[in-house]
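Here's the structure we're looking at; comments come further down.
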2 protein chains.
Amino acid sequence: MSLKEELKLKKGFDIVEHEAALNVYFTAACLKKRADAFFKSFSLTDVQFNVMMLLVYQAGPEGGLSQAQLSDMMLVNRANITTLIDRMEKAGFVIRTSDSADRRTNIIRLTAKGKNFYTKAEPYYDQQIKKMMTGLNQSEQKKLISTLEKVRAGLKE
Amino acid sequence: MSLKEELKLKKGFDIVEHEAALNVYFTAACLKKRADAFFKSFSLTDVQFNVMMLLVYQAGPEGGLSQAQLSDMMLVNRANITTLIDRMEKAGFVIRTSDSADRRTNIIRLTAKGKNFYTKAEPYYDQQIKKMMTGLNQSEQKKLISTLEKVRAGLKE
DNA sequence: TTAAAATTGTTAATATATAAACTATACACA
DNA sequence: TGTGTATAGTTTATATATTAACAATTTTAA
């Protein structure tokens, strides 16, 4: 179904670039909504889950990541990390620790609660994301990935 | 460049579905950031521009759209439209009018200021979106559109 | 060594989004 | 006609995101 049909628009799109960009945008929104619904049963959000995933798989030698690293890996503003980590700290999933090498820096670490939670939730997430992407086969997904890489490359200029 | 490289991750992605979904998500975020930067010079946001575009091209016989219609066309919650239209009303771009056919309903209309603004801004937007999508040729864009349609179709189940 | 430039995390203000609950209104059905 | 259900928009609280400005700290360059 075309986006025009899905959004029930009277008039379609004259410029294919505009249509392509809107398709990316709204597909992401649909993915996010579906993910949000999934994570709701775990009482956290997709963004918080992403933080945990980053801490599990991308932690440095200090056993965590700095807020600046998190903001870089999530493509969001540093200011946003503050309240995000506040909420996750409050929920008991992460702690802020000081960095012995740099007094400006916090190292964000998963708590035992956070680790346990993540370990339990990950298989369910894996299952869910596979379900979510059943519209494409493996080869189509790989092609989509490389196409979107091209889009992003074109944005860098 | 792969997402792993862009985000400077130590560890890549084990599940291609996850990688594909993240590519959609982050590409949309990159598009949005670029669009935000563009619209900043016009002192409005991409979401507000989208509202204006919808009012110009999708208005009904009453010369506008209801808030519920806008929320459907934008795939966002009705509650979100309230404050969005508040801000646009405050900026003088739109007005809320009553709907003679249904006393619960507001019809959102562009003001003369809003119409003039949109008419001036649209050609610049067209130019900009073409520039933003230069990573793909026309055929690749059409292929991307149909792939994303498949993703969304798979999400409906 | 010193001063300038860069980086880290926070704060405050703003924008976009969600959910739940509500009132008023409209619709559907018996 | 009356009752139950659905819808429109708002309010409140919460989450995610941006910007600009700031103080503390670190890095860079002269």
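No hydrogens, no waters, no symmetry mates; every other heavy atom, side chains included, goes into these values. Numbers restart at 1 for each chain; the letters A, B, ... are given by sequence-line order, proteins then strands.
Contacts of A:L84 with the nucleic acid, taken as non-hydrogen atoms under 4.0 Å apart, involve only primed sugar atoms and P, OP1 or OP2. A:D36 comes within contact range of no nucleotide atom at all, as no heavy-atom separation falls under 4.0 Å. No engagement by A:K32 is indicated, since no non-hydrogen atom pair under 4.0 Å with the nucleic acid exists. Residue A:T105 is in sugar-phosphate contact alone, with no base atom involved, counting any heavy-atom pair closer than 4.0 Å across all strands shown.
Residue-environment remark: NZ (A:K156) exceeds the threshold of 12 foreign heavy atoms within 6.0 Å.
In this structure, A:K8 does not pair ionically with B:D72, as no charged nitrogen and carboxylate oxygen lie closer than 4.0 Å.
At C:dT8, none of the side-chain N or O atoms of A:Q69 fall inside 4.0 Å of OP1 or OP2 (strictly under the cut-off).
Per the geometry, CE belonging to A:M88 stands 18 Å off P belonging to D:dT14, to the nearest Å. Atom CG of A:L70 and atom P of D:dT16 are 13 Å apart (whole Å). Atoms CD (B:Q67) and P (D:dT11) sit 11 Å apart, rounded to a whole Å. D:dT7 atom C1' lies 15 Å from atom CD1 of B:I81, rounded to whole Å. We find that CG of B:L44 is positioned 18 Å from P of D:dT18, with the value rounded to whole Å. Taking atom CG of residue A:D86 and atom P of nucleotide D:dT14, one finds them 14 Å apart after rounding to whole Å. In this structure, CD1 of A:I107 is placed 16 Å from P of D:dT25, rounded to the nearest angstrom. The CZ-P distance, from B:F39 to D:dT19, rounds to 16 Å in whole Å.
Nearest-nucleotide positions on DNA chain C for A:Y25 and A:S66 put A:S66 closer to the 5' end.
For the residue pair B:S71 / B:R78, no side-chain donor-acceptor distance below 3.5 Å is found, with atom types taken as modelled. For the 3.5 Å distance criterion, the side chains of B:E17 and A:Q138 qualify, holding a donor opposite an acceptor. Side chains of B:R152 and A:T27: a donor-acceptor N/O pair is present below 3.5 angstrom, by distance only.
For the pair A:K4 and A:F13, the cation-pi criterion (under 6.0 Å, within 45° of the ring axis) is not fulfilled.
B:E62 meets the side chain to side chain donor-acceptor pair (under 3.5 Å) test with no other residue; sequence neighbours excluded.
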Encode nucleotides 19-29 of chain C as B, S and - characters from 5' to 3', where the letter depends on protein heavy atoms closer than 4.0 Å: B to the base, S only to sugar-phosphate, - to neither.
BB---BBS---
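Residue A:K33 places its side chain closer to C:dA17 than to any other of D:dA15, C:dT10, C:dA17.
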